[in-house]
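So the structure is just underneath, and the comments pick up after that.
Letters go in sequence order (proteins before strands), and every chain restarts at 1. We use all heavy atoms of the structure for the numbers below, so side chains are in, but hydrogens, waters and symmetry mates are not.
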Number of protein chains: 2
Amino acid sequence: MAMTRLTPQRAAILEYLDGNTDHPSAEDIYRAVRRRYPMISLATVYNTLDALKQEDAVMELSIDTARKRYDPDTRPHNHLICTTCKRIVDIRVRLPLRLPKSEQSGFKITGKHVEFYGLCPDCQDAQV
Amino acid sequence: MAMTRLTPQRAAILEYLDGNTDHPSAEDIYRAVRRRYPMISLATVYNTLDALKQEDAVMELSIDTARKRYDPDTRPHNHLICTTCKRIVDIRVRLPLRLPKSEQSGFKITGKHVEFYGLCPDCQDAQV
DNA sequence: AATTAGCTAATAATCACTCTAAATTTGGAA
DNA sequence: TTCCAAATTTAGAGTGATTATTAGCTAATT
């Protein structure tokens, strides 16, 4: 499904995603967009996310096993994840990394992603 | 649930996992173990995986958005993933990597994981 | 105006995973 | 040994995220 029409629903979703660094789930997006556009359906959120994925305007993250998370920043970058609250934070520095040919198992490499795990400041405090 | 008893079901699951580098899903494990132990239930597979996770005898991977994958090798190591067939291969070399303090966003870092994406040999062939 | 293709909304369906409760098995105490 | 309580297994119900379906709507096209 190519994104041939920019409907008001899609515009609302795009506006919410633009510059968003929260890595929201589909449900998060649905709840946020519904505030401005109360009649929108969750199915439309999923449809729009599919369309955006196809044109590489959004990236699906497999970080959180409970639900997919979405990132409007599709440039290669890495993430820092709180193992308690599942907050995802962007890492802005480049992490130079090469996989030696001998370790590529015959794969044609197309990308990479580094995940750092830890406790975010809020969850460190709550831990006391 | 600590793994206090080694039941035949658990022994069969452990035997299947031992040395396994396929990164199977719960369903994969269920199907495999059922061949030798036909009356086993899928719930037992999930229960056993929980117990094994607790004692760090197995690691849950969030690589595949469709289903959790399990790795009996709990030593820190990284993975190579086929974006087509979702095959997961171990990377055996160390990839030295440090996140500068300035990029840690106040997190207390506890771990990291590198994922390389690509096309496995089979899927490269199939692509023609 | 009629046609058609794309889109939305509601809702049903699916699928992985978790929970529940009854039955069974186990290991240790008597 | 026999008995008991705790651990475990099982089947099946339940849950929650995601996908599929379908009728109706909208906008551009003929």
Below 4.0 Å: OP1/OP2 of C:dA9 and any side-chain N or O of A:Gln9 | yes
Looking only at side-chain N and O atoms, does B:Arg5 come under 4.0 Å of OP1 or OP2 in C:dT26?
-> no
Heavy-atom count around A:Arg92 CZ within 6.0 Å, excluding the residue itself: above 12?
-> yes
Report yes if at least one side-chain N or O of B:Lys68 is closer than 4.0 Å to OP1 or OP2 of C:dT18; otherwise report no.
-> yes
Ignoring backbone atoms, test whether A:Thr44 places a side-chain nitrogen or oxygen under 4.0 Å from the OP1 or OP2 oxygen of C:dA9.
-> yes
N or O in side chain of B:Tyr46 less than 4.0 angstrom from C:dT18 OP1/OP2 | no
Please check the phosphate of C:dT26 (OP1 and OP2 only) for any side-chain N or O of B:Thr7 closer than 4.0 Å.
-> no
Whole angstrom is fine here: how far is it from CZ in B:Arg34 over to P in D:dT10?
-> 12 Å
Lys/Arg N to Asp/Glu carboxylate O, B:Asp90 vs B:Arg75, below 4.0 Å = no
So which one's nearest nucleotide on DNA chain C is more toward 5', B:Arg67 or B:Ala43?
-> B:Arg67
Please work out if B:Leu42 contacts a base, only the sugar-phosphate, or nothing of the nucleic acid, heavy-atom cut-off 4.0 Å.
-> nothing
Under 3.5 Å, is there a donor-acceptor pair between the side chain of A:Arg69 and the main chain of A:His23?
-> yes
Where along residues 56-64 of chain A does a heavy atom come under 4.0 Å from DNA chain D, residue by residue in number order?
-> none
Any side-chain N or O of B:Arg10 less than 4.0 Å from the OP1 or OP2 oxygen of D:dA7?
-> no
